[in-house]
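Single-structure report; data block below.
Naming convention: chains lettered A, B, ... in sequence-line order (proteins, then strands); numbering from 1 in each chain.
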There are 2 protein chains.
Amino acid sequence: MNVRTLCLSILYEGDATGYDIRRMSVDGEFSYFIEASFGSIYPALAKLEQDGLVTSRTVPQVGKPARKVYSITEAGREAFAEELKGPLGDDVFRSPFLLLARFVNILPPELVEQRVNEHLQRLTEGRQKLQNVADDSGCTPADGWVINYGRVVLDVAEQYLRTHMHDLVNLSRAKPRKDAAE
Amino acid sequence: MNVRTLCLSILYEGDATGYDIRRMSVDGEFSYFIEASFGSIYPALAKLEQDGLVTSRTVPQVGKPARKVYSITEAGREAFAEELKGPLGDDVFRSPFLLLARFVNILPPELVEQRVNEHLQRLTEGRQKLQNVADDSGCTPADGWVINYGRVVLDVAEQYLRTHMHDLVNLSRAKPRKDAAE
DNA sequence: ACTTGCATGTAAGTGGTTACATGATTGG
DNA sequence: CCAATCATGTAACCACTTACATGCAAGT
């Protein structure tokens with residue numbers, strides 16, 4: 001899932017600027033897919049326009065810089081649909097937290113406890129964010145389905161952490177282990 | 001979580017070759033962290049050796065090419081521990097499947113059903129893989145904790161999919177929606 | 001006075017993948 | 001006989017990030 005596809009998926013549901021797309025991809029509005037920066041979004045939109053999959057119009061504003069609003073074209077909709085029809089990539093889950101968890105035995109228990117709490121907070125925030133998206137914005141039934149998927153997963157992760165965090169901290173406290181190697 | 005750190009984390013628990021590390025990162029043996037290819041692993045190991053964080057010895061084999069077995073050094077263990085103590089990156093979850101789910105309305109229901117079943121199978125395989133790791137290999141209590149975390153999350157995802165897949169397919173069937181834009 | 005938000009864009013750098021090159025052995 | 005597994009490594013390429021450049025307005 002590259003930035004190009006991210007842009008098309010957002011434009012599919014309504015016009016937006018590069019700035020909008022970045023905001024949506026970062027804070028909430030569906031960051032299941034990719035979290036892109038300006039440096040990748042602007043060139044992607046330019047390329048998309050070259051390829052005729054989107055069009056743009058510049059809307060001047062008072063005080064602020066002009067907005068360059070992009071709209072998806074019919075060709076763009078088709079290209080996006082075709083891409084969705086292609087073979088699906090694997091889901092990716094990468095967790096620095098779980099890496100740390102594997103090595104609690106070489107870390108001070110206070111740090112482990114702190115990291116656990118940080119992670120717990122992030123999970124809570126993530127759930128909150130999903131809740132907000134579900135509430136205020138006009139999201140489709142399919143969006144609702146996806147949000148609920150995210151919600152149940154986040155819930156169970158949070159619950160597991162809450163009920164088992166003590167085990168992890170204890171594992172860190174009892175560290176009779178300099179490693180056995182080979 | 002870069003390839004460098006992946007190598008250190010694996011070597012921390014025992015010697016391995018570049019080939020081993022790739023296998024471990026790809027099929028099962030903890031792919032929560034990163035899935036790396038040869039093209040990144042071999043250079044990373046070479047760099048690590050230059051930096052004195054690992055050492056290597058070449059073990060000739062009959063018939064097969066020689067294995068270049070890497071071991072972590074004391075400096076390597078320290079460097080890895082220091083990295084773990086640094087601030088944690090965010091967990092990343094990227095799902096091409098959920099992107100498809102958001103757009104079921106523009107896809108034929110048969111394809112949606114097929115993709116759902118594929119995804120279901122992957123979830124089941126993932127759980128199976130975790131189960132295998134938990135069973136056969138000598139994994140630490142902390143590893144067990146991580147595996148169980150993965151297990152509960154995978155379980156709930158699978159359960160949600162099973163009980164709600166029909167809603168998704170139905171959303172695809174009932175598609176009175178060419179989009180409203182703006 | 002300073003930071004944050006709005007808004008677009010470029011250039012340099014990084015961290016990876018894919019494809020290639022090489023080659024013996026085993027299993028279907 | 002062909003494919004896969006074992007095993008190492010390089011080179012070309014790609015996608016994305018970070019940092020930079022610019023600039024005004026509103027809030028603190």
Would you classify A66(B) as touching base, sugar-phosphate or nothing, given that sugar-phosphate means primed atoms plus P, OP1 and OP2, and contacts are heavy atoms under 4.0 Å?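 Sugar-phosphate only.
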
Classify L45(A) by what it touches in the nucleic acid, base, sugar-phosphate, or nothing, heavy-atom distance under 4.0 Å. nothing

Between dT8(C), dC16(D), dG16(C), which nucleotide gets closest to the side-chain atoms of V3(B)?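 Nucleotide nearest to V3(B)'s side chain: dG16(C).
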
To the side chain of Y19(A), which of dT10(C), dT10(D), dA7(C) is closest?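 Nearest listed nucleotide: dA7(C).
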
Taking for Y42(B) and for E35(A) the nucleotide of DNA chain D with the nearest heavy atom, the one nearer the 5' end belongs to Y42(B)

Is there any protein nitrogen or oxygen under 3.5 Å from a nitrogen or oxygen in nucleotides 26-28 of chain D, and what are the pairs?
none

Interatomic distance where [atom1] belongs to [X] and [atom2] belongs to [N] [whole Å]:
X	N	atom1	atom2	answer
Y70(A)	dT8(C)	OH	P	8 Å
R57(A)	dT8(C)	CZ	P	12 Å
I41(A)	dC6(C)	CD1	P	14 Å
R67(B)	dT5(D)	CZ	P	17 Å
L6(B)	dG16(C)	CG	C1'	13 Å
L48(A)	dT8(C)	CG	P	15 Å
I34(A)	dG16(C)	CD1	C1'	14 Å
R23(B)	dC6(D)	CZ	P	7 Å

How would nucleotides 19-28 of chain C be written as a contact map, 5' to 3', with B for base contact, S for sugar-phosphate-only contact and - for no contact, using protein heavy atoms under 4.0 Å? ----BSS---

Pair listing, salt bridge (Lys or Arg N to Asp or Glu O under 4.0 Å) test, anchored in residues 30-44 of chain B, at least two apart: none

Not counting sequence neighbours, list each pair that qualifies as a salt bridge (Lys or Arg N to Asp or Glu O under 4.0 Å) and has a residue in residues 61-73 of chain B.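 The answer is D20(B)-R67(B).
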
Roughly how far, to the nearest 0.5 Å, is CG of L120(A) from CD of E125(A)?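 One finds 10.5 Å between CD of E125(A) and CG of L120(A).
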
OG1 on T73(A) to CG on L48(A), rounded to 0.5 Å: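 Between atom CG of L48(A) and atom OG1 of T73(A) there are 8.5 Å.
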
Donor-acceptor contact present, side-chain T163(A) to main-chain Q159(A), <3.5 Å: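 Indeed, once roles are kept as given, a pair shorter than 3.5 Å links the two residues.
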
Are R162(A) and E158(A) ion-paired here, with the side-chain N under 4.0 Å from a carboxylate O? yes

Charged N to carboxylate O under 4.0 angstrom, K85(B) versus E82(B)?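 Salt bridge flag = yes for E82(B) with K85(B).
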
With a 3.5 Å cut-off and sequence neighbours excluded, list the donor-acceptor pairs that the side chains of residues 106-114 of chain A form with protein atoms.
| from | atom 1 | to | atom 2 | distance (Å) |
| --- | --- | --- | --- | --- |
| Q114(A) | NE2 | E118(A) | OE2 | 3.0 |

Under 4.0 Å from any atom of DNA chain D, heavy atoms only: list the residues of residues 86-97 of chain A that qualify, in numerical order.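 None, since no heavy atom is under 4.0 Å.
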
Using five pairs at either end of the helix from dA1(C)-dT28(D) to dG28(C)-dC1(D), determine the angle between the two local helix axes and round it to 10 degrees. 40°

Can you list every pair that meets ring-ring contact (aromatic ring centres under 6.0 Å, His included) and has a residue in residues 53-85 of chain B, with sequence neighbours left out? F103(A)-F80(B), Y12(B)-F80(B)

All pairs passing ring-ring contact (aromatic ring centres under 6.0 Å, His included) where residues 112-131 of chain A contributes a residue, at least two apart: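 Applying ring-ring contact (aromatic ring centres under 6.0 Å, His included) to every pair that reaches into residues 112-131 of chain A, excluding sequence neighbours, yields F97(A)-H119(A).
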
How does the hydrophobic cluster around [X] look, that is, which other residues are in it when side-chain heavy atoms under 4.5 Å mark a link?
X	value
V92(A)	none
Y42(A)	Y19(A), F38(A)
V59(B)	V69(B)

Under-4.0 Å side-chain N/O to phosphate OP1/OP2 contact, T17(B) with dA7(D):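 For dA7(D), OP1/OP2 do not have a side-chain N/O of T17(B) under 4.0 Å.
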
Reckon Q61(A) has a side-chain N or O less than 4.0 Å from the OP1 or OP2 of dC6(C)?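 No.
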
Side chains of L154(B) and K129(B): does their closest heavy-atom pair fall under 4.5 Å?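 No, every pair of side-chain atoms sits at 4.5 Å or beyond.
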
How about Q131(B) and R127(B): do any of their side-chain heavy atoms sit closer than 4.5 Å? no

Given DNA chain C, 5'-ward residue of the pair S37(B) and V69(A), judged by closest heavy atom: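 Mapping each residue to its closest nucleotide by heavy atoms, the 5'-most match is V69(A).
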
